[in-house]
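To start, the structure under review is shown below, and the notes come after it.
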Amino acid sequence: MPNNFTKHGITHLSPSSVNKFADAPDAWVAQYLFGKKFTFSPAARGGTMVEQGVVRVLSGEDRQAVIEDTLKEYRKSVAFDASSKAEKWKETIDPMINLAVDELLKYGVPEFEEDGSQKKIGIACNMGEYVVPITGFTDLDYPQHNLVVDLKCTQKCPSEMSKAHLRQAAIYKAATGRDIKFLYVTGKKTQWFDVVDTSGILAEFKSIVSRMNALFALDKETIKDIVPVIDSFTGMMTWQ
């Protein structure tokens with residue numbers, strides 16, 4: 001089968017886009033083929049801001065000043081959101097940053113791109129008859145420890161990693177050749193997961209890419225008939 005991604009102007013994929021297709025193909029089609037916009041949930045906003053705050057502290061900024069700045073920015077971002085979820089995140093940003101930083105300080109200062117941005121990774125997903133580039137960005141790169149850490153902010157620590165997170169970890173490991181750890185942090189505790197054997201996860205990832213490619217053999221309107229696209233996906237964006 002030929003590379004049908006190029007038929008729709010798709011030059012590369014990412015772990016998050018493949019995960020979105022696996023979990024919500026209607027949302028994927030709406031966003032990537034029809035340009036629908038998504039709103040960000042309080043969890044998505046809060047998680048992103050906590051991660052940015054942790055990076056700033058690990059890079060040498062004053063911890064308390066960063067926490068206060070992060071809280072201020074989060075409150076501004078949800079100023080018109082009176083939901084209980086938004087209020088909950090206001091309470092947990094402070095302890096989340098502290099807990100994450102305390103766990104990560106032992107590894108020292110992570111390495112970023114020259115401009116201070118996250119390190120970009122890439123790998124060629126060889127599907128036999130075609131190749132699809134997979135790109136992504138690492139949260140915390142520690143080459144001195146042969147380690148990549150991905151930070152996940154959540155209100156409840158999982159007992160095991162989700163399939164989506166395992167797929168993400170598998171791509172990171174294949175692209176970097178380094179050890180991969182995921183750190184989950186709530187407002188009360190942290191949980192580490194080491195990702196070791198990823199062969200079966202990579203096979204599953206390629207299976208999803210194959211299904212995507214098969215669907216994209218069709219034109220956009222036919223795809224829309226198969227995967228209905230609604231007008232709004234408010235609240236669909238969550239922190240992954």
Side-chain angles (χ1 to χ4, degrees), residues 1-41 43-44 47-48 118-139 148 150 152 154 158 160-178 180 182 193 195-240:
M1 182 178 289
N3 184 344
N4 296 317
F5 292 97
T6 57
K7 179 178 179 179
H8 298 280
I10 300 168
T11 59
H12 66 277
L13 297 172
S14 67
S16 60
S17 69
V18 172
N19 281 333
K20 174 170 278 190
F21 184 89
D23 296 338
D26 52 348
W28 197 102
V29 169
Q31 180 177 355
Y32 291 98
L33 294 189
F34 291 92
K36 298 289 185 179
K37 302 298 182 181
F38 291 76
T39 59
F40 284 83
S41 69
T48 299
Q118 293 172 304
K119 278 202 168 182
K120 186 176 182 178
I121 60 166
I123 189 171
C125 184
N126 190 339
M127 302 300 293
E129 295 177 315
Y130 60 93
V131 175
V132 182
I134 308 294
T135 64
F137 295 89
T138 59
D139 282 348
V148 169
D150 198 89
K152 300 297 184 189
T154 178
E160 60 183 14
M161 289 178 65
S162 67
K163 286 187 176 180
H165 290 175
L166 285 170
R167 294 184 202 115
Q168 182 184 0
I171 294 299
Y172 286 173
K173 190 170 184 65
T176 66
R178 294 181 182 162
I180 308 296
F182 272 45
F193 287 96
V195 183
V196 182
D197 183 9
T198 60
S199 56
I201 305 167
L202 285 172
E204 180 190 7
F205 187 94
K206 292 180 72 171
S207 176
I208 298 168
V209 172
S210 180
R211 295 202 304 272
M212 295 173 77
N213 190 59
L215 179 64
F216 299 151
L218 306 173
D219 61 78
K220 285 175 62 174
E221 291 305 318
T222 303
I223 292 175
K224 190 176 181 180
D225 290 337
I226 297 172
V227 185
V229 177
I230 62 176
D231 291 333
S232 174
F233 286 89
T234 302
M236 283 285 292
M237 260 330 223
T238 57
W239 178 245
Q240 294 294 331

Backbone N or O of [Y] within a donor-acceptor pair of the [X] side chain at under 3.5 Å?
X	Y	value
Lys20	Ala27	no
Thr176	Tyr172	yes
Ser14	Ser17	yes
Lys206	Asn126	yes
Asn3	Asn213	no
Thr48	Ala44	yes

Which pair of non-hydrogen atoms, one from [X] and one from [Y], has the smallest distance, and what is that distance?
X	Y	result
Thr135	His12	OG1-CD2, 3.2 Å
Ala175	Gly122	CB-O, 3.8 Å
Pro15	Gly136	CD-CA, 4.5 Å
Phe182	Lys152	CE2-CE, 3.5 Å
Lys173	Val196	CE-O, 3.4 Å

Practice item. Starting from the C-alpha separation in whole Å, work towards a yes-or-no answer on side-chain contact (heavy atoms from CB on, under 4.5 Å) for Ile134 and Phe205. Key: CA-CA 11 Å; Ile134 308 294; Phe205 187 94; 3.9 Å; yes
**Study point:** For Asn19, the option from His165, Gln168, Lys163, Arg167 that meets side-chain hydrogen bond (donor to acceptor under 3.5 Å, both in side chains)
**Key:**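 Testing Asn19 for a side-chain hydrogen bond (donor to acceptor under 3.5 Å, both in side chains) against His165, Gln168, Lys163, Arg167 leaves exactly one candidate, Arg167.
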Practice item. Would you please test Leu202 and Ile171 for side-chain contact (heavy atoms from CB on, under 4.5 Å) and show each step? Key: CA-CA 7 Å; Leu202 285 172; Ile171 294 299; 4.0 Å; yes
Point to revise | Phe5 and Phe216 aromatic centres sub-6.0 Å | key: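 Yes: the rings meet the under 6.0 Å criterion.
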Mind checking the [atom1]-[atom2] spacing from [X] to [Y]? Nearest 0.5 Å is all I need.
X	Y	atom1	atom2	result
Cys125	Tyr130	SG	OH	7.5 Å
Lys220	Thr222	NZ	OG1	12.0 Å
Lys120	Thr138	NZ	OG1	12.5 Å

Quick check: do [X] and [Y] have side-chain heavy atoms less than 4.5 Å from each other?
X	Y	result
Leu166	Glu204	no
Asn4	Leu218	no
Leu215	Phe21	yes

Exercise for review: Would you indicate whether Lys7, at its atom NZ, is surrounded by more than 12 heavy atoms from other residues, nucleotides or ligands within a distance under 6.0 Å?
Suggested key: yes
Practice item. Go through the steps to decide whether Val18 and Val209 satisfy the test side-chain contact (heavy atoms from CB on, under 4.5 Å), and finish with yes or no. Key: CA-CA 7 Å; Val18 172; Val209 172; 4.3 Å; yes
